[in-house]
Peer 1: 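My questions will all concern the structure given below.
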Amino acid sequence: MTKLQPHERIFVALDTTDLTKALDLANALSGHVGGIKLGKEFFTACGPEGVQAVTNCGMLVFLDLKFHDIPNTVAAAIRASLLFSPYMVNVHACGGEMMMRAAAQSAGEAGQDRPLVLGVTVLTSMDESDLKGTGIESSVSDQVLRLASLSQFSGLDGVVCSAREVEDLREHLGESFKLVVPGIRPEWAQSNDQKRIVTPAAAVAIGADYLVIGRPITQSNNPVEAADKIAAEIAAGV
Ligand code: C5P
């Protein structure tokens with residue numbers, strides 16, 4: 001695989017219900033970032049047409065719908081998403097091996113345009129006591145590694161993980177397993193509600209492939225300038 005340019009590592013989270021706002025940002029950022037992440041908020045409000053409209057801006061799309069259902073239903077949902085040619089899609093790894101294998105198989109139906117399929121391990125909003133409440137006695141880090149390993153074994157291409165987990169996962173799962181990391185903040189940006197934040201350059205230095213960055217770009221007075229500044233910081237390793 002050819003090495004990614006610094007800006008290609010950035011996926012901008014367009015967490016909005018406003019299609020016009022999303023399209024204005026996607027058009028402005030085209031060529032300045034690697035792609036756009038669209039999640040449940042956008043999808044529920046703007047629908048498949050909204051996803052198609054963002055795709056039509058020429059942007060790669062990470063469709064962050066975190067599917068979790070029986071294998072047949074997840075496979076069908078992934079198959080339906082192929083209509084937009086997403087670059088990345090994701091499923092909850094706790095849906096298990098058969099569900100993930102079904103997801104990977106559906107994605108494969110797109111041939112060389114197949115999206116990368118990522119697993120979501122433990123949501124970063126959950127701590128050990130939340131896990132315990134669901135009957136899981138492991139530490140968060142053990143559970144993340146277990147689910148990431150299962151994702152790889154089940155044929156997924158990578159996982160979404162916090163920066164805290166990157167080094168451990170990279171060490172255990174190898175160089176080609178994709179690690180997609182949110183919770184990123186440049187030094188000059190506000191942390192907002194993110195608690196365990198890491199700078200863009202630090203995340204890449206420890207082994208992240210793609211960075212999901214929302215408000216430092218979308219809430220900036222000049223989103224293009226903010227994106228360019230982040231890409232320059234990644235390039236310089238600062
Ligand atoms: O604005 P901000 O950079 O915090 O946006 C981060 C994006 O990544 C949001 O869409 C958020 O839902 C998502 N995300 C996250 N932490 C996770 C998983 C996803 O912030 N653990």
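Counting starts at 1 for both ligands and their atoms, in listed order. The first residue in the sequence is number 1, and the count goes up from there.
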Peer 1: For Arg215, counting its heavy atoms only, list the atoms of ligand 1 lying under 4.0 Å from any of them.
Peer 2: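 That gives atoms 1 (O), 2 (P), 3 (O), 4 (O) of ligand 1.
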Peer 1: Would you say the side-chain atoms of Thr199 and Arg185 include a donor-acceptor pair closer than 3.5 Å?
Peer 2: no
Peer 1: Could you tell me the residue and atom name of the protein heavy atom closest to atom 13 (C) of ligand 1, and the distance to it rounded to 0.1 Å?
Peer 2: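 Protein heavy atom at minimum distance: Lys37 NZ, 4.0 Å.
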Peer 1: Determine, considering heavy atoms only, which of Cys161, Pro216, Ser162, Pro182 sits nearest to atom 14 (N) of ligand 1.
Peer 2: Pro182
Peer 1: Yes or no on side-chain contact (heavy atoms from CB on, under 4.5 Å) for Phe67 and Ile78, after CA distance, side-chain angles and deciding distance?
Peer 2: CA-CA 8 Å; Phe67 296 127; Ile78 299 266; 4.0 Å; yes
Peer 1: Could you work out, for atom 6 (C) of ligand 1, the closest of Gln219, Gln190, Gln194 by heavy-atom distance?
Peer 2: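 Residue with the shortest heavy-atom distance to the ligand atom: Gln194.
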Peer 1: With a 4.0 Å cut-off on heavy atoms, is Asp15 touching ligand 1?
Peer 2: yes
Peer 1: Among all protein heavy atoms, pick out the one at the shortest distance from atom 21 (N) of ligand 1; state its residue, atom name and that distance to 0.1 Å.
Peer 2: Thr124 OG1, 2.4 Å
Peer 1: Answer yes or no: does an N/O atom from Lys66 fall short of 3.5 Å to an N/O atom of ligand 1?
Peer 2: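 No, since none of the N or O atoms of Lys66 sits under 3.5 Å from an N or O of ligand 1.
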Peer 1: Nearest 0.5 Å please: distance from the CZ atom of Phe11 over to the CE atom of Met59.
Peer 2: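 That separation rounds to 8.5 Å.
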Peer 1: List every atom of ligand 1 that sits less than 4.0 Å from any heavy atom of Ala13, numbering the atoms from 1 in the order shown and giving each element.
Peer 2: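 Here the atoms of ligand 1 in question are 7 (C), 10 (O).
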Peer 1: Determine, for Lys40 against Asp15, whether the closest basic-nitrogen to carboxylate-oxygen distance falls under 4.0 angstrom.
Peer 2: no
Peer 1: Hey, are Asp209 and Arg170 close enough for a salt bridge, meaning a charged N less than 4.0 Å from a carboxylate O?
Peer 2: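 Yes, Asp209 and Arg170 are salt-bridged.
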Peer 1: Arg185 heavy atoms, cut-off 4.0 Å: which ligand 1 atoms fall inside?
Peer 2: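 Those atoms are 1 (O), 2 (P), 3 (O), 4 (O).
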Peer 1: Could you establish whether Val212 and ligand 1 come within less than 4.0 Å of each other, counting only heavy atoms on the residue side?
Peer 2: yes
Peer 1: Any carboxylate oxygen within less than 4.0 angstrom of a Lys/Arg side-chain nitrogen, looking at Glu97 and Arg101?
Peer 2: yes
Peer 1: Using a 4.0 Å cutoff against the non-hydrogen atoms of Gly214, which atoms of ligand 1 qualify?
Peer 2: 1 (O), 2 (P), 3 (O), 5 (O)
Peer 1: Between Asp18 and Thr16, is there a side-chain donor-acceptor contact under 3.5 Å, judged purely by atom types and distance?
Peer 2: no
Peer 1: Against Val159, only a single residue in Leu147, Leu118, Leu169 fulfils side-chain contact (heavy atoms from CB on, under 4.5 Å); can you say which?
Peer 2: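 Answer after filtering Leu147, Leu118, Leu169: Leu169.
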